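Predicted model only: the values in this text are computed from it and were never measured. Basis for what follows: all heavy atoms, side chains included, without hydrogens, waters or symmetry-related copies. Here is how names work: the chains are called A, B, and so on, in the same order as the sequence lines, proteins then strands, and each is numbered from 1.
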4 protein chains.
Amino acid sequence: MPPATPEPAARPLRVREDPAVRRQAILEAAARLFATHGFADTTVRDIGDEVAIKSGSLYHYFASKDAILEAVLREFLADLGTATAAIVSAGTSPRRQVTDLVRHAFTLMGERPYWVLTYQNEFLRLAGQPGFEFVAGESARIEAAWVAALTASAEAGDFAVDVPVAVRYRLVRDATWTAVRWYRPGEELDAAALAERYVAVFYGNHAAG
Amino acid sequence: MPPATPEPAARPLRVREDPAVRRQAILEAAARLFATHGFADTTVRDIGDEVAIKSGSLYHYFASKDAILEAVLREFLADLGTATAAIVSAGTSPRRQVTDLVRHAFTLMGERPYWVLTYQNEFLRLAGQPGFEFVAGESARIEAAWVAALTASAEAGDFAVDVPVAVRYRLVRDATWTAVRWYRPGEELDAAALAERYVAVFYGNHAAG
Amino acid sequence: MPPATPEPAARPLRVREDPAVRRQAILEAAARLFATHGFADTTVRDIGDEVAIKSGSLYHYFASKDAILEAVLREFLADLGTATAAIVSAGTSPRRQVTDLVRHAFTLMGERPYWVLTYQNEFLRLAGQPGFEFVAGESARIEAAWVAALTASAEAGDFAVDVPVAVRYRLVRDATWTAVRWYRPGEELDAAALAERYVAVFYGNHAAG
Amino acid sequence: MPPATPEPAARPLRVREDPAVRRQAILEAAARLFATHGFADTTVRDIGDEVAIKSGSLYHYFASKDAILEAVLREFLADLGTATAAIVSAGTSPRRQVTDLVRHAFTLMGERPYWVLTYQNEFLRLAGQPGFEFVAGESARIEAAWVAALTASAEAGDFAVDVPVAVRYRLVRDATWTAVRWYRPGEELDAAALAERYVAVFYGNHAAG
DNA sequence: GATGAATGAGTGTTCATTCAT
DNA sequence: GATGAATGAACACTCATTCAT
């Protein structure tokens, strides 16, 4: 039943959240949309809808739609770079490092699949685009860590089959990271279990000891 | 045998006059643009420019931009399905079949990288989109062939490491097909050589005799 | 009385005018709007409304709103430059040339006031703007013609009062061209009569013989 | 005489603390921006930046962007009206009055060019706009003073050339006030010298006695 | 009095699609 | 078949204005 006296046109409920929280919410929403619809097919209105603000208000947080993508990629690559550096500088055995890299990848794909997908889907297009040079730079640093660990493991004689490291790196990287397209945690195998099996295949054997 | 009546000499030399030829040229151009710029970032004008006709004329060949994408994917999947079926019904050994599947994949990535990339890039977005149900259907048929070959090979004891076939299939598929992002023929290793090394790693050993 | 049977939703009446005619109509409408509301306050939708096409269709004729302004100014300055050159190279006396320049200005202000106003209103803002260098260039050429005629007339002793030519030029130019803000033909004095009186004041006397 | 009680020394040196001072600073900044970029192309952010406050705070001083323009024009026209009235009611000779009006105009253009330009640039557009009727009203009052002085001077036989006063007024007004587009004090001729030459040309002779 | 966050209406521009010629 | 002109719906982005803090 409607109220007897009509309510005055309800003023919009301005929640006045913490700006830093809202900024992060925008990035989360944007990453999800970029990953599922593609950057070009995602409109700033779509992003605004997801965080319940008008598209114009996004421009208080980011200078442009491109800047949102940039922030997503910067945060993603910073986190990935930090974790990668931690793994390869831990002083553990090469195979341990490779295993940790793969396991961390599966964990990350489980936790933040949209960020990983956004990175993968936009990587090629962004190569050489002004303002996005950091993508190639940071990617190269991470690639170097993987290649170093694989090289050390090969020199230690860990692999059942001998192939050039450039070939092995790509096989390992592609098999691992492409899993983001189908891997969802909570299924039969968790990140650690999957990583272990992947690594076993990569090496052609199970870890000694 | 040449026609009895000589053709008039003055006819202007218009290449690609055959509608079927032009239709195919449109698909080639579209696939290249879809792969390099993305479907959403490719305009029908771009496609028209590549084949030297105005965008409006594209609509004599295809009902819509979506229809061009559909035709690209239909042709790609039809060819891939045919080749896949031929390999797995050749009566060869399981490992031979797996090797042929991988080798064929590398060959195809070398010959038609843009078609492969278009398929990969749009696959997720197209899932469940009306008119594109054939993509999932055809993909499932091809997947079944790969899984069958891998299962047979596992049952034959070919693999050094034992993992569930669902896991192995995805690892093999992802490692193989993602190579389209970097593999270009004419480099150090050709398709056959690369395929051989990939298969060796997948199996954890080199093919017997 | 409405017809008994409802008419089918009337398809838009596409007049299919001569494109060159429509292009010119766009320029006329744009000049009028730029002059009366200012360039910044004129929307491309306003322009489209005046020529009965949608704003998007304007982009078949011009690459941008700026390009419309550029075309207006180019046409205006080309016409003005041609007329100016014809006057000062006619071999007439200096005072005759000055009189003709002023008379032509009044005629032009009567015939195309909006073009003159657009030029005047946007001149300062456009100085140094990329793509609009021709405005300053062409303006300088026209100014040189006026200064030459005034200088020759001063050397001939035509002026009752002696002032530096730079001062006189600006006085004459400003007094003459600013008339576009109020002069409309069909009032008491026509262009020729007004020009004659202006010139008489500029010279401090009436023309001899 | 300095105040008896010394001011506290530690007070932070905040210039422009007085609201009236800040209000005036806003008008100065706004006039400069309106004159150089145009009213439509000036944002309230631009104005705020110039006086180091956020755009929202401008609304403590003015009700709207239009109200800022209105205040600029009101102050400008009030000052100009006062000065004009003082000149024409001084009891001096008609030619003296005309000379003083022109000299005051040049002085004003030197001191407050942006106010003059804002007035000129927005005058046409504002005609008949609600809230801006005072512009036409005040302008008419000033025009009447110029016309009266010119009429009296003509009746005194000061002019070398005889033209209708309506024509002469416009010529004199336009030549004089349009100088704001190029006149900057500190060049060869100062306001008084320029005014003298302009008046000499307007009269067709130099002042007697 | 000052601010930052938010809005809503609008801006120039793009583009897949249509269709008379 | 081919085209150029036209459209309409969308797009990223801007900005004067409001208001709780």
_Euclidean distance, atom CG of residue D:Asp49 to atom P of E:dG4 [Å, nearest integer]_ = 12 Å
_Donor-acceptor pair, distance only, cut-off 3.5 Å: does the side chain of B:Thr118 make one with the backbone of B:Tyr114?_
yes
*Ionic contact status for D:Arg32 with D:Glu28, cut-off 4.0 Å*: no
*Interatomic distance, C:Leu33 CG vs E:dT11 C1' [rounded to whole Å]*: 16 Å
*Calculate the interatomic distance between B:Asp41 atom CG and F:dA12 atom P; express it in whole Å.*
11 Å
*Would C:Ile68 and C:Tyr61 count as a side chain to side chain contact (heavy atoms under 4.5 Å, CB included) if you check the C-alpha gap in whole Å, the side-chain angles of each, and the deciding distance to 0.1 Å?*
CA-CA 9 Å; C:Ile68 299 178; C:Tyr61 298 92; over 6 Å; no
_Just to be sure I understand: a Watson-Crick pair is purine N1 to pyrimidine N3 plus N6-O4 or O6-N4, both under 3.5 Å. Using that and G-U wobbles, which stems of three or more pairs involve DNA chain F?_
E:2-21 with F:2-21
*What nucleotide among E:dT11, E:dT3, E:dC15 has an atom nearest to a side-chain atom of D:Ile53?*
E:dT3
*What is the distance from CD1 of B:Ile26 to C1' of F:dA2, rounded to the nearest Å?*
12 Å
*Near DNA chain F, under 4.0 Å by heavy atom, which residues of residues 55-74 of chain B?*
B:Gly56, B:Ser57, B:His60, B:Tyr61
*Could one point to a donor on the side chain of C:Arg45 or the base of E:dG12 with an acceptor on the other under 3.5 Å away?*
yes
*Whole-Å distance separating the CZ atom of C:Arg23 from the C1' atom of F:dG4*: 16 Å
*asked:* Measure NZ/D:Lys54 against C1'/E:dA6 and give the value in whole Å, please.
replied: 16 Å
*Side chain to side chain, B:Val135 and B:Arg74, heavy atoms closer than 4.5 Å*: no
_Any donor-acceptor pair under 3.5 Å from A:Glu133 side chain to A:Gly131 backbone_ = yes
*For E:dA2, does OP1 or OP2 lie under 4.0 Å from any side-chain N or O of D:Arg22?*
yes
*Return the value, rounded to whole Å, for the distance between atom CD1 of B:Ile47 and atom P of F:dT3.*
15 Å
*Heavy-atom distance under 4.5 Å between the side chains of C:Asn121 and C:Phe39, does that happen here?*
no
*Below 4.5 Å, heavy atoms only, C-beta onward: do B:Phe62 and B:Leu27 meet side chain to side chain?*
yes
*asked:* Using the side-chain heavy atoms of B:Val44, tell me which of these nucleotides is nearest: E:dT17, F:dA2, F:dA16.
replied: E:dT17
*Going by atom types only, do C:Trp115 and C:Glu75 share a side-chain donor-acceptor pair under 3.5 Å?*
no
*Using a 4.5 Å cut-off on heavy atoms from C-beta on, say whether the side chain of D:Thr43 contacts that of D:Lys65.*
no
